[in-house]
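Data block below; observations after.
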There are 2 protein chains.
Amino acid sequence: MEDIFQETDLFEGLSTDQRDKIIKKGFHQVLKPKSILFQQGDPAERFYMVNTGRLKLTKLNEQGKEVIMRYIGAGELTAAITSLKDWEYPLTAESVEDTEVTGWDKAGVLNMIETYPKIAINLLNIVLTRIDDIQHRYLELSTERVEQRVARTLLRLMRSAGLKKTEGILIDLPLSRQNIADFSGTTLFTVSRTLSAWEKKGWIKSGREKITITAPHSLVLFSENA
Amino acid sequence: MEDIFQETDLFEGLSTDQRDKIIKKGFHQVLKPKSILFQQGDPAERFYMVNTGRLKLTKLNEQGKEVIMRYIGAGELTAAITSLKDWEYPLTAESVEDTEVTGWDKAGVLNMIETYPKIAINLLNIVLTRIDDIQHRYLELSTERVEQRVARTLLRLMRSAGLKKTEGILIDLPLSRQNIADFSGTTLFTVSRTLSAWEKKGWIKSGREKITITAPHSLVLFSENA
DNA sequence: CGCTCTATTGATAAACCTCAAATACAGTGG
DNA sequence: CCACTGTATTTGAGGTTTATCAATAGAGCG
């Protein structure tokens, strides 16, 4: 798999040694698939970085309806600044596969920043990227039709978890119709119908919790113009 | 008007003197109503703080459909960290009334942070509050019905721009049905119908570009339970 | 092989948008 | 002060999109 980071690495500008030193100080944790790392509403004690595997970040509303805010993989952070304030986690983090994370508490972050000020800048960059992303998605949710949003969701997942295969690009995580719906702001039925249509067109191939994008370009065109 | 800030003040923890000194170094600008301060896509040279008046922050999609991301008033910031990177403004800022702003460029911010490190922390807090807010709204947009979202929009505006009057709380900015629609992710027609219904129930009183909330409690109940 | 979870598909209904037409309102210039 | 003009708003009719519900089929696992 290629090393594509959509955002600044937390350790950008630091040497491998410095990086290793910081990681050694962190709190390491291994998660089986479908384990909860932390839950929306819990006091935010630590922030985490994913080493391997993948986390699903979700938010629940009062009626218990779930929305997927994002999936994060190797090198990406969650709850980065929430843990700096004495706040509650604004969302729930759950592993979707075998996952290893490193966590630091408030003192750890402050220490880290003090020793390597560049980290504060990197943090700001990461946060800015997040705001940009969520604002973009807000705009899409507000102005675009369901099928278009589903297309964008698949493309996002492809970029962050895509694995090149002979038939196309496999989205390398267990992904149900319900997951796609929660990520796109629709229902699993609509997603199912949409994917069936795309499969007939030859744009994708799909199985149980598995999707391969066979015609990315068509999907991109559709997501932008339809 | 009361001094209600939903977010940390940029100058929290600083003395009035220090605050004044920083403000004096800024770039001051006076805007007539409906002036553009900066436009989505322009290179982000400065970030701004509102002194008096109010800015509308909007984002356009490729098809030219507009979404209102937020209104900001006295003490609030926009483009805070975008200007730190050499990026483009991700949205457009337009005054909705006579407005005075102070701006600082990248060098100004860095200088500010160096002299008063507390400002970096305040910045992080502000950014965090923003992320929280936009994620909340994303959840709402994704899971709630139009009328509920309109109710939430009115309540948000009430909290940030409410002015106590004898009949109720006036939202103190020129606010068309279209504006409310752009803020709630719907159309002006649906907003109009909704407001008419609420006016019949006695929850609000409305005129041309003007809305007074006469029964805030009912609206809150509705926004949470319906 | 049977159990459970996921996915498909169809029928129906609800929510909401689009478009058209009429009306109300605020300012402007005579 | 009044008519005029340009917006803003209201309301109705009709259509589209999408959700909901129900029933069935398929996949994986012990």
Side-chain angles (χ1 to χ4, degrees), chain A residues 32-34 56 61 63-68 94 96-97 140-154 171 173-201 203-212 222 226, chain B residues 32-34 56 61 63-68 96-97 140-154 171 173-201 204-212 222 226:
Chain A
K32 289 190 183 307
K34 302 195 180 182
K56 182 178 74 173
N61 76 353
Q63 285 88 48
K65 237 189 135 182
E66 177 173 310
V67 164
I68 298 181
E94 180 189 338
V96 295
E97 57 193 58
E140 288 166 14
L141 189 55
S142 188
T143 60
E144 295 176 355
R145 302 286 164 88
V146 168
E147 298 207 335
Q148 203 171 349
R149 302 202 309 264
V150 172
R152 290 201 194 268
T153 295
L154 289 190
I171 295 176
L173 54 90
L175 189 68
S176 69
R177 304 296 185 258
Q178 182 68 59
N179 291 151
I180 298 174
D182 291 344
F183 206 173
S184 311
T186 179
T187 63
L188 78 108
F189 307 102
T190 301
V191 170
S192 178
R193 279 181 237 277
T194 302
L195 295 193
S196 294
W198 291 347
E199 190 141 16
K200 274 197 193 103
K201 290 190 185 180
W203 294 1
I204 63 166
K205 266 183 175 296
S206 78
R208 188 190 173 93
E209 301 206 306
K210 182 197 299 204
I211 292 174
T212 304
F222 179 85
Chain B
K32 289 190 182 308
K34 302 193 180 183
K56 182 178 73 173
N61 75 353
Q63 285 88 49
K65 236 189 135 181
E66 178 174 310
V67 165
I68 297 180
V96 296
E97 57 193 58
E140 288 167 14
L141 188 56
S142 190
T143 61
E144 295 176 355
R145 302 283 163 81
V146 167
E147 297 206 336
Q148 203 171 350
R149 302 202 309 263
V150 172
R152 291 202 193 266
T153 295
L154 289 190
I171 296 176
L173 53 89
L175 189 68
S176 68
R177 304 296 185 259
Q178 181 69 61
N179 292 151
I180 298 173
D182 291 343
F183 207 173
S184 311
T186 179
T187 63
L188 80 110
F189 306 101
T190 300
V191 170
S192 178
R193 279 179 239 277
T194 303
L195 296 192
S196 295
W198 291 346
E199 190 142 16
K200 274 198 192 100
K201 290 190 186 180
I204 63 166
K205 269 186 170 295
S206 78
R208 188 192 176 94
E209 302 206 304
K210 182 195 302 203
I211 292 176
T212 304
F222 179 86

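Numbers restart at 1 for each chain; the letters A, B, ... are given by sequence-line order, proteins then strands.
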If each of G185(B) and E209(A) is mapped to the nucleotide of DNA chain C with the nearest heavy atom, which maps nearer the 5' terminus, i.e. the 5' end? E209(A)
T190(B) side chain N/O closer than 4.0 Å to the phosphate oxygens (OP1, OP2) of dC17(C)? yes
Just the rounded figure in Å: distance from P of dC5(C) to NZ of K210(A). 21 Å
Would you mind reading off the distance between I204(B) atom CD1 and dT9(D) atom P, rounded to a whole angstrom? 12 Å
On DNA chain D, check which nucleotide each of L175(B) and R193(B) is closest to and give me the residue with the more 5' one. L175(B)
Answer yes if the side chains of T194(B) and R149(B) hold a donor-acceptor pair under 3.5 Å, and no otherwise. no
Looking only at non-hydrogen atoms, find the nearest pair between F183(B) and I68(B) and report the distance. CD2-O, 3.3 Å
Round to a whole Å and report the spacing from CG of N179(A) to C1' of dA7(C). 13 Å
Determine whether any donor atom in the side chain of R177(B) lies under 3.5 Å from an acceptor atom in the base of dT10(D), or the reverse, and answer yes or no. no
Residue-phosphate contact under 4.0 Å: S206(B) side-chain N/O, dT9(D) OP1/OP2: no
Rounded to whole Å, how long is the line connecting atom CG of L188(A) with atom P of dT6(C)? 10 Å
If you assign R145(A) and L195(B) each to the DNA chain D nucleotide with the nearest heavy atom, which residue ends up on the more 5' nucleotide? L195(B)
Would you indicate, yes or no, if dT11(D) has its OP1 or OP2 atom less than 4.0 angstrom from a side-chain nitrogen or oxygen of S192(B)? no
From the list dT18(D), dC21(D), dG26(D), which nucleotide is the closest neighbour of the side chain of V146(A)? dT18(D)
Whole angstrom value for the distance that separates P of dC19(C) from CZ of F189(B): 9 Å
Looking only at dT9(D), dC17(C), dT8(C), the nucleotide nearest the S176(B) side chain is dT9(D)
Any chance you could lay out the side-chain contact (heavy atoms from CB on, under 4.5 Å) test for R177(B) and L195(B), step after step, and finish with the verdict? CA-CA 9 Å; R177(B) 304 296 185 259; L195(B) 296 192; 3.6 Å; yes
When rounded to whole Å, the CD to C1' distance for the pair E144(A) and dT18(D) reads 16 Å
Whole-Å distance between dA7(C) C1' and D182(A) CG? 15 Å
Could you check whether any side-chain N or O of E97(B) sits under 3.5 Å from a backbone N or O of L173(B), counting only pairs where one atom can act as donor and the other as acceptor? no
Phosphate oxygens OP1/OP2 of dT18(D): is one of them under 4.0 Å from a side-chain N or O of T187(A)? no
Separation of dT23(C) atom P from R208(B) atom CZ, nearest Å, is 17 Å
Could you state the interatomic distance from CD1 (I180(B)) to OG1 (T190(B)), rounded to the nearest 0.5 Å? 12.0 Å
